[in-house]
Amino acid sequence: MADYKPQELDKKWQAHWTSSKAFEVDVDASRPKYYCLEMFAYPSGHAHVGHVRNYIIGDVMARTKRMRGYNVLHPFGWDAFGLPAENAAIKTGTHPETSTLDNIAHMKGQLQRLGISYAWDREIATCLPDYYKFNQWIFLKMLERGLAYRKRSTVNWCPVDNTVLANEQVIDGACWRCGSIVEPRDLEQWFFKITEYADELLAGLDTLTAWPEKVVVMQRNWIGRSEGAYVKFALADPSVVSGFGRTKDVEGSSGVSRTDHVEVFTTRIDTIYGANFIMLAPEHPLVERFAAASSDPAAFRAKAQAFRSQERDVRMGGKQGFDTGQRAINPFSGKPVPIWVANFVLWGYGTGAVMGVPGHDERDFEFARAYNLPITIVVQRADAPLSAETMTEAHAGEGSLVNSDKYNGLPWEEANRVMTADARARGIGEGTVQYRLKDWGISRQRYWGTPIPVVHCAKHGVVPVPYAELPVKLPQITTFTGRGDSPLAQVPEWVNVTCPTCGGPARRETDTMDTFVDSSWYFLRFCDPKNDEQPFDPADAAYWMPVDFYSGGVEHAILHLLYSRFFTRVLRDVGLVAFDEPFTRLLTQGMVLKDGAVMSKSKGNVVDPDDMLQKYGADALRLYVMFVAPPEKEVEWSDAGLEGSFRFLMRVWRLVDHWCETIGGEGIPESGTDCTDAERGLRRKTHETIRRVTGDVEERMHLNTAVSSLMELVNELYSFSEGTAHGAPSRVAAEAGRVERAQTIAVLREAIDGLVLMLSPFAPHMAEELWERLGHVGGLAKASWPSFDPEV
RNA sequence: GCCGGAGUGGUGAAACUGGCAGACGCGCGGGACUCAAAAUCCCGUGGAGUUAACGCUCCGUGUGGGUUCGAUUCCCACCUCCGGCACCA
């Protein structure tokens, strides 16, 4: 009897896969393709079992699809730019490139030791010039198309990481990475115009039927489309602001307000007769105008300023505001209404001014009650009529209009349509669509990222670096201060260049790109990773894309996936791809917890896969992680569970070891129909298992039940063996070969071959070894997935 | 507050289209093997009751109702937990 020595098998077969280039693939139009991808890794140093779970999930899929006859692309790479490496450099002095490449080497080794079937010949690292060259290439294309633009704006500044954050990277007013409170800061920044694609990104969500509903909903909310109308309220005393220009021209707003009126955005124009006041965001430019016109401008400004700084804490302090003393004319009722400044009105959304309809908006109701502003019912419901005096909450729902002149009696939704049209006809308003989604600020004042490929010329302003001069390589720097200004500005010989247009002196842009740029198209680069002319050959992408199966953490449900969908559309418009959606099927894998908490170095609760490999080998770890729960679910790590999976593999090993002499080799008869009851029972179990495992892996992605089906088959085989060879395999090894009946051998062979094949995506090292011992030539690379006969 | 998802033995979980609840594993109990242990193999393992015994009966999928011959699954109300968003007008 041969012993099961997992570590030796791991080595043997990993070497075999490498030398035979088992997982390297080329475009082959004669075969169906399958692109299986796991989100590439940030090279933090060591992968723990939580990271590794994702790669095993993808590997089971990739290996299964290969056996099902697909030409499988299963690549891997490194999201290698980013803050942690640079922060480490500030602390330790080690250059980010050094630490990053070291980390990549270590983690690559970890993945190889797990036997993940990657096409390593396609490996990419975003920090290498041959990759980020095409970040720059794409940037220039976006610049040409007006999709990259520069703007002075108030940005989210993280005082600890010393950099700008995208809106998406600010969580509860704090930095997503380090948790420090974000400060506003005015800077010239580069933006990508993702809002141009807002409608398309929203509509595309409906086609993503193989994405988790949760992710689709999160994206939909994030884009935050709402239909409404701009409405102008004329100022009762326009002289306070005469001669002043636009009041609002910010991202996300197409509204143009002149200062002889206040323009509001509302989704409920049908309630406008109940608009008893106007509220401005503290940042609104009219506030300053009103201050100047007031009796005590300094006090006025101080009040507004106080609300502005409180903005983040509105929920704590409640709704507050003050009357500016100015009046505006409600364009529908013709009545003058007071203009207030309110701390909860957002400057960054709509027009930064809203109409206050306390009867029909919860927030306005609260504000009106706090400051004793009048409430008017304008939408009355039939069942339980409202009264302004007694109502305890706003009625935001349905009803018919009252107190609204000629619109009285109209159902609210119809009134909304009619009044929007009327406002437009009268030139006092217009239907519009607003999005929560903002353009994507990509400038970072950091070193370890892609240089933005433009120069600033005194004569010509912003001038793109010519394509032929790409990549703009990161200069070597030796000191990392973390001061907060762009580190690239320290390198004069790099910064000072000549203008490509006039040859005069110019300065390079010293900001680098947000690392989310890197990850927004890497899946396309894998199609053609060595291309030096363009990001990828469109023909290669046409064959491999879209990604058929994509798995990764749910934390990327919004940022990465939305940006990738955006980039795909941009590259479509550039003419490189012919589809809209990059990822057909998405799986968000659950985290692995230890002691009830997410694994992290700082908590000291990480499980290093290498420790498990030393004890049990790669197959047991792979099998356990797949068996413990469905892939989407969070799981608690359990040493005992891993032990159980190891025991199961031992059971399989002994079983096959027992039978391989008897059933192995060539010339075994096909499993037929002339069976005893026991044989028929085993055949039935075999075919049922094939059906279940195939469905569980390919369709349902219930890898845990796929494994349990295999366990059942093994149990059945043990029982069958008992009836055949009078005892459990371990005890009757000497009796192997006792079976004389050809039919028994055939049935056993069918079952055991099937078992080994179906086990191979989960435990590939052992499966290869057993397959070889069963007398099959050519390895599992040549084997195909078993099929089942419903008749059986 | 709004939007998602979940709640099943001691435990991780399963039940795919409304059809034997708890597959498979862990743990635990018992047995075989052994001088002994480990490993391995076999049997048992939701609760209560009942039988000399094979068995049989009742209860049981967060709570309360409902639809149905039949509900973990569908409907209504509620509770709890997890995740996301959070004055977006």
Side-chain angles (χ1 to χ4, degrees), chain A residues 171-173 212-226 228-229 231 252-253 264-269 271 275 278-279 281 311-320 342-358 360-367 393-394 396 434-438 554-555 557-558 588 590-591 623-624 627-630 632-648 650-651 654 689 691-692 695-696 699-700 702 704-715 718-719 721-722 727-732:
Chain A
I171 293 152
D172 274 340
E213 180 65 20
K214 171 166 110 169
V215 174
V216 171
V217 167
M218 280 165 75
Q219 292 221 351
R220 186 171 289 130
N221 292 342
W222 193 264
I223 295 168
R225 183 181 199 272
S226 68
V231 185
S253 169
V264 302
F265 171 72
T266 179
T267 57
R268 290 295 304 274
I269 195 172
T271 64
I278 293 281
M279 292 175 288
E311 193 185 339
R312 278 198 302 272
D313 306 320
V314 168
R315 265 162 290 169
M316 311 288 283
K319 294 178 176 48
Q320 293 178 36
N343 62 348
F344 64 93
V345 177
L346 300 173
W347 173 234
Y349 184 80
T351 59
V354 297
M355 59 187 205
V357 186
H360 304 286
D361 181 280
E362 203 44 59
R363 296 153 300 184
D364 299 347
F365 181 82
E366 201 184 312
F367 193 76
E393 57 179 13
Q434 291 286 315
Y435 297 94
R436 287 188 47 199
L437 183 69
K438 299 284 186 292
V554 71
E555 67 272 21
I558 297 175
T588 53
M591 288 185 292
L623 191 81
Y624 164 64
F627 175 60
V628 65
E632 308 81 11
K633 247 196 117 152
E634 213 168 66
V635 295
E636 172 73 26
W637 176 262
S638 148
D639 288 330
L642 175 57
E643 192 107 28
S645 293
F646 181 72
R647 275 206 288 269
F648 167 70
M650 290 286 286
R651 238 165 109 74
R654 283 193 306 270
T689 304
R691 180 178 64 79
R692 285 169 62 186
D696 279 354
E699 272 128 56
R700 304 202 305 156
H702 285 200
N704 54 329
T705 52
V707 175
S708 66
S709 297
L710 293 174
M711 288 173 168
E712 285 185 57
L713 178 59
V714 169
N715 290 344
Y718 265 74
S719 307
S721 298
E722 193 132 10
S730 63
R731 284 164 52 206
V732 294

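These numbers come from the heavy atoms of this one structure, side chains and all, not from hydrogens, waters or symmetry mates. Naming: A, B, ... by sequence-line order, numbering from 1 per chain.
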Taking the side chain as everything from C-beta on, heavy atoms only, tell me whether A:Asn704 gets closer than 4.5 Å to A:Val628. no

Separation of B:rC85 atom P from A:Gln219 atom CD, nearest Å, is 12 Å

Comparing A:Asn221 with A:Ala353, nearest RNA chain B nucleotide closer to 5' gives the residue A:Asn221

Taking pairs as Watson-Crick (N1-N3 plus N6-O4 or O6-N4) or G-U wobble (N1-O2 and O6-N3), each distance under 3.5 Å, the stems of three or more consecutive pairs with RNA chain B are B:1-7 with B:79-85, B:10-12 with B:24-26, B:27-32 with B:40-45, B:46-50 with B:55-59, B:62-66 with B:74-78

Rounded to whole Å, the CZ-C1' distance (A:Arg268 to B:rA89) equals 11 Å

Going 5' to 3' through nucleotides 11-26 of chain B and flagging B where a protein heavy-atom sits under 4.0 Å of the base, S where only the sugar-phosphate is that close, and - otherwise, we get -BSSSB------BBSS

Residues passing the ring-ring contact (aromatic ring centres under 6.0 Å, His included) test with A:Tyr624, sequence neighbours excluded, are A:Trp637

> If the C1' atom of B:rG9 is compared with that of B:rG66, how far apart are they to the nearest Å?
Replying inline: 28 Å

Say we look at B:rU68 and B:rA48: how far apart would their P atoms be, to the nearest angstrom? 35 Å

Expected label for B:rG9 (glycosidic angle, syn inside 90° of 0, else anti) would be syn

note: A:Ile558, atom CD1; B:rG83, atom P; distance rounded to Å ~ 15 Å

note: A:Tyr349, atom OH; B:rA86, atom C1'; distance rounded to Å ~ 14 Å

Between CZ of A:Phe646 and P of B:rU40 the distance, given in whole Å, is 9 Å

Here the distance between atom C1' of B:rG83 and atom CE of A:Met591, to the nearest Å, is 10 Å

From OH of A:Tyr718 across to C1' of B:rC41 the rounded distance in Å is 9 Å

Correct closest heavy-atom pair for A:Ala629 and A:Val635 would be CB-CG1, 3.1 Å

Taken to the nearest whole Å, CE/A:Met218 to P/B:rG84 is 7 Å

**Asked** Quantified in whole Å, what is the C1' atom distance between nucleotide B:rA37 and nucleotide B:rG47?
**Response** 36 Å

When rounded to the nearest 0.5 Å, the distance separating CD of A:Glu636 from CD of A:Glu634 is 9.0 Å

